[in-house]
Amino acid sequence: MSIFTKWIGKSDRKAQADAVMRTLEKSTDDNVKEIYERLKVYREKPGMAVMRPFYLYTACMEAMIGNIKEFKSRDYAKALEYAEEVYKTVFPYEENTEDFEELFLIFLEFFDENSAIARRIFNPVFYNLYNNKQNYVKWLRATAKFSAIGGNEVFYVPYAIKARMFYYDEEQFAANVLEVCLRMFKSSNAKLVYEEEVARLEHLAGIYNVDEARIISVEQRLDTAETMLQRATEILKVAEQRLKTIDTVTATSCQSVKEICDTEITLAQARLSEIASAMQRDYDSFVEGQKQLVLYEKQQLVEDTFAAAEKKLAELQRLAQLAVNSANMELMKLKSDSGEVMGKVRSFLADDEKLKSLLETVNSNSELIDKMERLVVLGDSNLDALEQKLQESVAAEAPKPAEPAQKAAEAPVVVKTVPAEKTVVVPEEAHGYVDHHEDETFADINFFLNETVPFRSRWEKLQERKAEMEANGEWFHEKFDDILTAVIENSNPYLIGPSGCGKTYLVNQIAKLLGVEFIDIGYINEEYDILGFQTANGGYSTPNFYRCYKFGKIAFCDELDNGNSRATVKLNSFLSNTEDACYNFPNGESVMRHPNFRIIGAGNTAGNGADSNYNTREKIEESVQQRFMPIYVGYDNRVEQEILKDYEDWFEFVVRFRAATDAWSKNSYGDAAGIITTRDVSKIRKYLDNGSFDMDRILQYQFIQTKDNSYLAFLADHIEKNTDKDAKCRKIVRTFANMVAMKRKAEAY
């Protein structure tokens, strides 16, 4: 934990000061004991102390003891005296100084490695030039690697004083001073850099050094300019006279041209009139000729058509008569043949007593007799088949099954076939809506979603079930209860979070806890993804959203910001959540909203359009956004700690890596790319359990590959600074830093 974070809370400062004093008291170093005695007096007699409040001394001592690279025990007293001098500048009104808390944290940073007090480079004048003291701290950090700062104080301090007069904007001033100072420290001639930059500032402000020789030269140029101006004036006068002459000639020429044009236009109009009259006469003559030709051809066409029609009609009448005659003959023959068939059948049946009883049954069954008389398929060799079919029909009609009959030995009877009447079977789908989900039933109203039951009663039972799941090893996201409340209250939660943070798994947990099925309908690209559509044969393609709405399920609209915003607007009709809500789907069915129906949306953005990480997202229509409750769902380290509970070193590294990506974003470098997701953590656990990838390959594929070198360098530096030597992940951190360095070196060549 850094000094900055350790002393940030006011309530803990006295306890921190006491802890430092106890540490100093236990030291065996004489120099430290000397400091302890002095601080002990300051604590008992605050009036003798230069720095107030007292905990400033203990914070400074803790910073110096921790920064052993720059402070040795023999330097503590001198450094503390130097700090008291710096204190007078930083806190001119002691505890009553404006922005005391912010200045206190800045003051502690002066004890960092290579900072102001450690290097004895604090200059009060230079410090007071900065309105925003954070800019002074940035200057210290940026110049930390230069050892010649103290020697250049005679140049950079006067330059900063001059630059302050020319720069009103604080950030521009800080940036300019830092740039010039870096040039001074890198240059072997700081004075030359100082003079060049001061001259540049004056030139930008319009200040120039003008000597007498230059003034004389300018006067000579002015005299030359006056002479040239006089000559130009004379030339202009001559040009004006010539212009007047040209205007007179132009006016005369224009008048002449106008008269010529008027004459030619009059002649042209007369000629055009004659041409138009001749064209009209020719046109009328042509039209009349075409009319006569069309009338003649029309009459001829009508006559030819009638002749052909009469010929065709006569042919059809002849064929029709032949067909009628043939049909009559066939009917007469059919009556004769059918009589022979029935006689043959009766003769065959008369040979067996059991079949006689069946025949009596058949004779008593008028429907069966009618079926026999309408038999249409009898061939020369299928009498046996007829007998078999007859026996089966009789057996179906009789109360008891009949004994099989003996086959007749008579010669086959030739029977002509008559076309049967056609029967049209109308499919059930043609009569209207057909429910393609007959296996689904209407669920009872879920106790936890029944708004007639008091909320507190439902909530307490849910918490009991949740506690049982936790006891069985289930882990819940920190935002789980908020989302669960929104679902119970029918508030249409919209989960906003980066890819891989566990949004879908969270919805699955809610459905499991409530005991309600949920369906991931995906992102909405077209209206029929919600409403379905009529098929070509008159049926209805049922969408999953329809099933959720009718049968009481949770519709999970994942990647809502990745769909078609025009189609997503259709959700408005289903987000009102009134008790008597219903909707007429394209199949014509008016479906009542099931009380268990809920909508949960999810997306990677807030719905306001694309950003640097999700650059294809569309803006969700405002009316849809207003009907959703936005809930931000980030990464939960507790879940990832459970995933990596057997690999504590990797969990520590993941936490530090994500903190480094957050720092990149906060420092205005832009949105951090390649963040580690909960999904990635699960992969890492799998690799470690199976031994499929070693440490180097996991770091390469999950943390380094595809990232920019400057970005990786920032991450490696941030992680190393925030990892102490006793951390469990120290080995992984060192390996990561070495791999980043090797990658940068390889790509540099």
Side-chain angles (χ1 to χ4, degrees), residues 440-497 501-521 545 547-558 560 571-583 591-603 606-607 624-639 641-642 678:
E440 295 197 58
T441 59
F442 289 89
D444 295 333
I445 299 178
N446 187 281
F447 171 78
F448 303 114
L449 301 178
N450 188 353
E451 298 189 45
T452 62
V453 180
F455 173 81
R456 186 51 54 188
S457 299
R458 293 179 284 154
W459 183 257
E460 290 175 356
K461 289 184 178 297
L462 278 172
Q463 292 303 309
E464 292 176 2
R465 296 182 65 176
K466 180 183 174 185
E468 293 176 1
M469 294 172 68
E470 288 178 331
N472 292 327
E474 189 86 17
W475 280 82
F476 294 93
H477 196 280
E478 59 183 353
K479 292 295 182 68
F480 180 85
D481 283 353
D482 293 343
I483 300 169
L484 179 63
T485 301
V487 172
I488 297 173
E489 295 287 52
N490 216 353
S491 298
N492 308 320
Y494 173 58
L495 314 185
I496 306 169
C501 68
K503 298 186 290 296
T504 303
Y505 182 72
L506 196 151
V507 175
N508 184 43
Q509 285 182 310
I510 288 178
K512 180 179 178 182
L513 185 64
L514 294 174
V516 178
E517 181 183 354
F518 91 97
I519 299 178
D520 186 349
I521 66 173
F545 190 86
R547 296 170 55 205
C548 296
Y549 190 77
K550 181 175 181 178
F551 297 108
K553 308 176 191 298
I554 297 176
F556 180 41
C557 304
D558 197 8
L560 195 64
L571 283 177
N572 284 343
S573 303
F574 303 95
L575 293 171
S576 59
N577 298 332
T578 57
E579 293 182 1
D580 56 348
C582 65
Y583 190 84
V591 180
M592 293 294 296
R593 177 187 180 276
H594 196 287
N596 294 350
F597 172 70
R598 293 293 188 272
I599 295 180
I600 301 178
V624 180
Q625 289 194 51
Q626 291 175 357
R627 288 175 170 83
F628 275 104
M629 173 186 285
I631 300 177
Y632 284 86
V633 180
Y635 298 107
D636 190 346
N637 284 342
R638 298 177 308 161
V639 176
Q641 187 175 18
E642 176 65 17
T678 304

With distance as the sole test, does N596 use its side chain to make a donor-acceptor pair with the main-chain N or O of D444 at under 3.5 Å?
-> yes
Minimum heavy-atom separation for T452 to N450, with atom names?
-> OG1-OD1, 2.6 Å
Run the side chain to side chain contact (heavy atoms under 4.5 Å, CB included) check on H477 and I483 step by step: do they pass?
-> CA-CA 10 Å; H477 196 280; I483 300 169; over 6 Å; no
Using modelled atom types only, decide if a donor and an acceptor are shared between the side chain of K479 and the backbone of I631 within a distance under 3.5 Å.
-> no
Any side-chain heavy atom of V516 sitting closer than 4.5 Å to one from R598?
-> no
To the nearest 0.5 Å, how far apart are CZ in F518 and CD in Q509?
-> 10.5 Å
If you look at every heavy atom in Y494 and A602, which pair is closest and at what distance?
-> CE1-C, 3.5 Å
Heavy-atom closest pair, residues P493 and A486 = CB-CB, 3.9 Å
What are the two closest non-hydrogen atoms of G603 and K503, and how far apart are they?
-> O-CE, 4.0 Å
When rounded to the nearest 0.5 angstrom, what distance separates CD1 in I519 from CZ in F556?
-> 13.0 Å
Go through the steps to decide whether F574 and F545 satisfy the test ring-ring contact (aromatic ring centres under 6.0 Å, His included), and finish with yes or no.
-> CA-CA 10 Å; F574 303 95; F545 190 86; 4.8 Å; yes
If you measure from CG on N490 to CD1 on I599, what distance do you get to the nearest 0.5 Å?
-> 9.0 Å
Is there side-chain contact between E460 and Q463, with heavy atoms separated by less than 4.5 Å?
-> no
State, yes or no, whether a side-chain contact exists between I521 and C557 at a heavy-atom distance under 4.5 Å.
-> yes
CD (E489) and CG (L449) are apart, to the nearest 0.5 Å, by 10.5 Å
Rounded to the nearest 0.5 Å, how far does CG of L513 lie from CD of E474?
-> 9.5 Å
Taking F448 as the fixed residue, which of L514, L484, V487 is the one that meets the side chain to side chain contact (heavy atoms under 4.5 Å, CB included) rule?
-> L514
Side chain to side chain contact (heavy atoms under 4.5 Å, CB included) filter on F447, not counting sequence neighbours, yields V453, R458, K461
Side-chain contact, heavy-atom cut-off 4.5 Å: F551 with E517?
-> no
Side chain to side chain contact (heavy atoms under 4.5 Å, CB included) partners of E478, counting only residues at least two apart | D636, R638
Would you say the side chain of V507 lies within less than 4.5 Å of the side chain of D558, judging by non-hydrogen atoms?
-> no
Between CD1 of I600 and CZ of F628, what distance do you get to the nearest 0.5 Å?
-> 10.0 Å
Under the ring pair (Phe, Tyr, Trp, His ring centres under 6.0 Å) test, residues paired with W475 that sit two or more places apart | none
Which heavy-atom pair separates G515 from N446 by the least distance, and what is that distance?
-> O-ND2, 4.1 Å
Exercise: identify the closest heavy-atom pair between M592 and C582 | SD-CB, 3.6 Å
Under the 3.5 angstrom rule, does the side chain of N492 hit a backbone N or O of R627 as a donor-acceptor pair?
-> yes
